[in-house]
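Encoded as structure tokens, the structure appears first; notes follow it.
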2 protein chains.
Amino acid sequence: MGTIRLTPELLHIIAERFKAIGEPARLQILDTLREGERTVTELVDETGLGQGNVSKHLQLLHTLGFVTRRKEGLHVYYAVADRSVFKLCDIMCGRLEAETSARRKVLAAR
Amino acid sequence: MGTIRLTPELLHIIAERFKAIGEPARLQILDTLREGERTVTELVDETGLGQGNVSKHLQLLHTLGFVTRRKEGLHVYYAVADRSVFKLCDIMCGRLEAETSARRKVLAAR
DNA sequence: CCACTATATTGCCATACAGTCATTTAGTGG
DNA sequence: CCACTAAATGACTGTATGGCAATATAGTGG
């Protein structure tokens, strides 16, 4: 028969995660971490975002399990917890391409 | 060498999409559409959301290319534009499972 | 203990937006 | 033309939250 619906609870949890990465600043942070772990200061420098701002975003990303945290002296190193985030981005990009080519097709058909 | 960074523009576009599905109501609508196309009224009934509310969410989902729209008399039928949305959910769920089992491991290790 | 650097936290403001209600628009039948 | 139903739109409100500036906390070296 039909596919199973998501429970309201799971629905909220999933939405929360998507919302977390549905934010340019956080996505930018994750994208920067794509190349390897970074300290907060490095992230501030590379993203151009404010320090407190980066710190807050990192807290959220860490709480939701998107990044890992490693303390070493004065520095705190953050890294992407699991590459599946990028898989998500790739699929979303694939969607974009599909959209774009569909739009091209529509335009061409005139 | 390192991976290519996303352009700020693409970053915003992708974030916008994730944000769109990072909303319980919209995710619920998409989940309902998983079983096939639905009219607005049907979606209202099956989700329990308000009519105007559903309509507005559908506008957004349609603008971003997540759903298609088909007009037939008084009714407007909406459907999922491409199943990749569910793929995204599956991956996100996979992440959740990984998280949960990791947490279990931590708890067990005490 | 003090000065310094890195990170986290807090308070504040402005904005975005989900939800609700009311209204409008569109299509249908009598 | 009118009554009815479906869907879209607009006004309004409350809440959530991103960004910023200031401050607090923590770790290090002198």
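Labels below follow one simple rule: chain letters A, B, ... track the order of the sequence lines, proteins then strands, and each chain is numbered from 1.
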Taking [atom1] from [X] and [atom2] from [N], how many angstroms apart are they, rounded to a whole number?
X	N	atom1	atom2	answer
B/Gln28	C/dA18	CD	C1'	14 Å
A/Glu37	C/dT7	CD	P	12 Å
A/His12	D/dA16	NE2	P	12 Å
A/Leu61	D/dT17	CG	P	14 Å
B/Tyr77	D/dA8	OH	P	13 Å
B/Leu58	D/dT9	CG	P	11 Å
A/His62	C/dT9	NE2	P	12 Å
A/Leu60	C/dT7	CG	P	19 Å

Selection from [options] that lies nearest to any side-chain heavy atom of [X]:
X	options	result
B/His75	D/dA16, D/dA6, C/dT7	D/dA6
B/Asn53	C/dA18, D/dA6, C/dA8	C/dA18
A/Val76	D/dG18, D/dA7, C/dT7	C/dT7
B/Lys56	D/dA8, C/dG19, D/dA7	C/dG19
A/Ser55	C/dA18, D/dG19, C/dT9	C/dT9
B/His57	D/dG27, D/dG19, C/dA18	C/dA18
A/Glu23	C/dG19, D/dG18, C/dT7	D/dG18
B/Leu74	C/dA8, C/dG27, D/dG27	C/dG27

Sugar-phosphate only, base, or nothing, as touched by [X] at under 4.0 Å among non-hydrogen atoms:
X	result
B/Gln59	sugar-phosphate
A/Tyr78	sugar-phosphate
B/Gly73	sugar-phosphate

Heavy-atom nearest nucleotide on DNA chain D for A/Glu72 versus A/Gly52: which residue maps closer to 5'? A/Gly52
With a 3.5 Å cut-off and heavy atoms only, can you find an N or O donor on one side and an acceptor on the other between the side chain of B/Gln51 and the base of D/dA8?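 Flag set: donor-acceptor pair detected.
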Please state whether the phosphate of D/dT17, meaning OP1 or OP2, lies under 4.0 angstrom from any side-chain nitrogen or oxygen of A/Lys19. yes
Are A/Arg69 and C/dT7 close enough that a side-chain N or O sits under 4.0 Å from OP1 or OP2? no
Can you tell me how the ring of A/His62 sits relative to the ring of A/Tyr78, calling it parallel under 30°, perpendicular over 60° and tilted otherwise? perpendicular
Report the distance from atom [atom1] of [X] to atom [atom2] of [Y], rounding to the nearest 0.5 Å.
X	Y	atom1	atom2	value
B/Tyr77	B/Glu72	OH	CD	5.0 Å
A/Ile13	B/Cys93	CD1	SG	9.0 Å
A/Ile14	A/Lys19	CD1	NZ	15.5 Å

Is a salt bridge present between B/Asp31 and B/Arg34, judged by a nitrogen-to-oxygen distance below 4.0 Å? yes
When every non-hydrogen atom of A/Leu49 is compared with those of A/Ala25, the smallest separation belongs to CD1-CB, 3.9 Å
